[in-house]
J.: 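Submitted below is the structure of interest, expressed as structure tokens.
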Number of protein chains: 2
Amino acid sequence: MRLIAAELGVSVSLVSRALSGKAKEFRISQSTEQAILKSAKRHNYSPNRVARGLRLGKTNTLGLVVPNISNFFYSNVVRQVERAARDKGFSILLADSQDDEDVERKSVTILRESMVDGIAIAPCGLRCDHIVSAKEEKFPIVCVDGYFPDSGVPYVISDHIAGARMAVRHLLENGHSEIAFVQGYPDVQVSYDRLGGFKAELADYGIAVKDHMIVGEQFSYQSGYEAARKVLERQHPPTALFAVNNEIALGVLGAIQEKGLSVPGDVSVVAFDDLPWVLHLRIPLTTVAQNYEELGQGVVDLLVQSIQGDTPQQSVSVVVPVRLVERGSVRKLRSLRNAHHEISSSKIL
Amino acid sequence: MRLIAAELGVSVSLVSRALSGKAKEFRISQSTEQAILKSAKRHNYSPNRVARGLRLGKTNTLGLVVPNISNFFYSNVVRQVERAARDKGFSILLADSQDDEDVERKSVTILRESMVDGIAIAPCGLRCDHIVSAKEEKFPIVCVDGYFPDSGVPYVISDHIAGARMAVRHLLENGHSEIAFVQGYPDVQVSYDRLGGFKAELADYGIAVKDHMIVGEQFSYQSGYEAARKVLERQHPPTALFAVNNEIALGVLGAIQEKGLSVPGDVSVVAFDDLPWVLHLRIPLTTVAQNYEELGQGVVDLLVQSIQGDTPQQSVSVVVPVRLVERGSVRKLRSLRNAHHEISSSKIL
DNA sequence: GATTTTAGCACAATCGTTTGACTTCAGGGG
DNA sequence: CCCCTGAAGTCAAACGATTGTGCTAAAATC
């Protein structure tokens, strides 16, 4: 800008205004405006976003924190968030928290130091003081996938409870009553919700929840694998397993395969998270599909709303519906179902 | 910083120096240093990276451009790049070019406007003027996955040629000579290399390349699906297919399944890109595995080297070895192989 | 002809940090 | 008594853009 100003013998302010299209507003003569624009082209000038950010107090950048970007679910969320953000003129500053609360915390700090205009975060734990304190300082922040009830932090999530219920109902309706719940790290809201849905649906059918059927401790292949192994080695193994995310689902399949069991012949499987490759698994998995696009779009919308100050309602949040995609990894157990009816007089749809 | 300075009745410069640990160097009395540090804690001050970036001319941020972050390959690269960058104190400004050269071009502009200290880019096309011009302006930029020969732009790539050769050799050694090459967008260096490897290996075995066996036009499920369908419907269909990336591989599997064919019974498949779920496919795929970690680490290393000005060699680039992981999607065709030998007197290992 | 308007532009502060160049004061050596 | 040294700090200019205010002519008005 200096260069241009000097070259044309005008002031920098003039250049700035001309380049930001405020020529009319500030009565800049057509001749100088054209000269400035032309000169800018020649030097192929492009504004310094950092300087502008400093002056304007906003950078047109959104921070995005996810626990593990190589997880297909998150990479899709990232993609959708990036797309939605770009549509609104924002760039994405990305941080991978590696499922570590400390890293997450540091990432949030760095993002705020970087003057991002807002942060979208898929939290990896239960502690949320860094998030809440951001919110209390009027810093735009929105959770995605996970959330913190009563924290007042807005969120965009899939309907975890309904998703879990749908999956379990599907199993129940096919006669399964011995269902293992293979979860990830239990102490996050997502886990609470999915487990809650699982239990609630069982309760609706009058079936008691057995604690030993709730297994697993991490959102990883390994954890899913070990948990499934353990539960399948019980004296009375489950007839169906519900895997709480895609990585765990793979672990579960690994364990099943290793035991020489077949899906759905010996054991049925339903998983949370839909993936393109489930179709081509040995047995196409029946899954609860989440809507990445709505999640990504939703979180960006909320964030941008909050940034622009028009926050109509206090804490608007979005719950995106999920849907069950049946693919044949669940076996119909008529006999068992009927048997069970007589015993438990469970509620029938 | 102002606040702290005012509160203690000292100048901002003092605060700045104290906080950046230059107390000794600038002979700041222990008492004031402590006071400043204490005050900073109380206000939980954290520096403004934007202001610092403006002043210092560097932001400790790396730009990263990938064609499609929801592709498992790229999401892993992103993860590794992010990790390696964080280890060196850099953040990642992410852009998804959506396999669109114009978007890619704009992304590079935005990243440079954002004063990132360097850019890692997985190019999605053949045009590279924006990349070369960055390099010519001494702007640190490194390609990953793709590259531009003779452009002088450093790169970190997998050994595409060797990978393709390994895959093809494996097929040849199992008696396949009618191999379809299911590629993506042909006009990128990656495609040239993989196709080149394919042809070279066939040539080494004295087998002529048939143009109608080279199919596909995009790096997508759909493209892989359609290409596989078409080639399988020929009068003399191939006995094996080589899918050039993971999404295409899925499309190929989809087509095979739809035709009611079995892998490897009716047709063998090898794919580029290793994925966690290939183990649990109907038939575990034999794949060419890339080393994400080395790719990510390598590109960050090169970039940081270039940023810090110590560029030992002119254009250091890295070619990361790949390895073939056999899993049983290739059938041994003794008969066919022998038959073929007699006809073509092909070179045998 | 005096005054007001207005077109066209320049000045300078500002955003938050960093940093080279000064300043000030006390004490020591000659 | 003067000069020098060193300790402890201050000043002010940058970085690159934006923006409120002020200035100067020429044109319009009465």
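Residue numbers begin at 1 in each chain, while the letters A, B, ... track the order of the sequences.
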J.: Can you check whether A/R17 reaches A/I28 side chain to side chain, under 4.5 Å on heavy atoms?
T.: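 Touching, per the 4.5 Å side-chain cut-off.
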J.: State, yes or no, whether a side-chain contact exists between A/S46 and B/R112 at a heavy-atom distance under 4.5 Å.
T.: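 Contact flag for A/S46/B/R112 side chains = no.
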J.: Indicate yes or no: at least one non-hydrogen side-chain atom of A/F72 is less than 4.5 angstrom from one of B/N71.
T.: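 With C-beta onward as the side chain, the pair stays apart.
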J.: For DNA chain D, which nucleotides open and close the run of contacts to chain A, 5' to 3', at under 4.0 angstrom from a non-hydrogen atom?
T.: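 Using the under 4.0 Å cut-off, the span is D/dC15 to D/dT21.
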J.: Below 4.5 Å, heavy atoms only, C-beta onward: do A/I92 and B/L93 meet side chain to side chain?
T.: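 A/I92 vs B/L93: side chains apart.
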J.: Does A/I4 reach the side chain of A/Y45, with side-chain heavy atoms less than 4.5 Å apart?
T.: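 Contact flag for A/I4/A/Y45 side chains = yes.
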J.: Counting C-beta onward and ignoring hydrogens, is there a side-chain heavy-atom pair between B/I36 and B/L8 closer than 4.5 Å?
T.: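 When only atoms from C-beta onward are counted, B/L8 and B/I36 do touch, with a gap below 4.5 Å.
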J.: Expected output is a numbered-order residue list: members of residues 34-52 of chain B with a heavy atom under 4.0 Å from any atom of DNA chain D. What is it?
T.: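 When residues 34-52 of chain B is checked for heavy atoms under 4.0 Å from DNA chain D, there are no hits whatsoever.
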J.: Is any side-chain heavy atom of B/F139 closer than 4.5 Å to one of B/I131?
T.: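 In short, these two side chains do not touch, never coming nearer than 4.5 Å.
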J.: Is the backbone of B/Q297 close enough, under 3.5 Å, to the side chain of B/Q80 for a donor and an acceptor to pair up by distance?
T.: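 Pair absent, no side-chain N/O of B/Q80 close to backbone of B/Q297.
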J.: Checking side chain to side chain contact (heavy atoms under 4.5 Å, CB included) against A/K88, which of A/N60, A/L62, A/D301, A/I307 comes through?
T.: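 Exactly one candidate clears the test, A/D301.
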J.: Classify the nucleic acid contact of A/K58 as base, sugar-phosphate or nothing, counting any heavy atom under 4.0 Å across all strands shown.
T.: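 Touches nothing.
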J.: Determine, for nucleotides 3-12 of chain C in 5'-to-3' order, which nucleotides have protein heavy atoms under 4.0 Å from the base (write B), from only the sugar-phosphate (write S), or from neither (write -).
T.: ----BBBBBB
J.: Going through the distances and angles, do A/R105 and A/D129 end up as a salt bridge (charged side-chain N to carboxylate O under 4.0 Å, His left out)?
T.: CA-CA 9 Å; A/R105 210 166 282 272; A/D129 42 291; 2.7 Å; yes
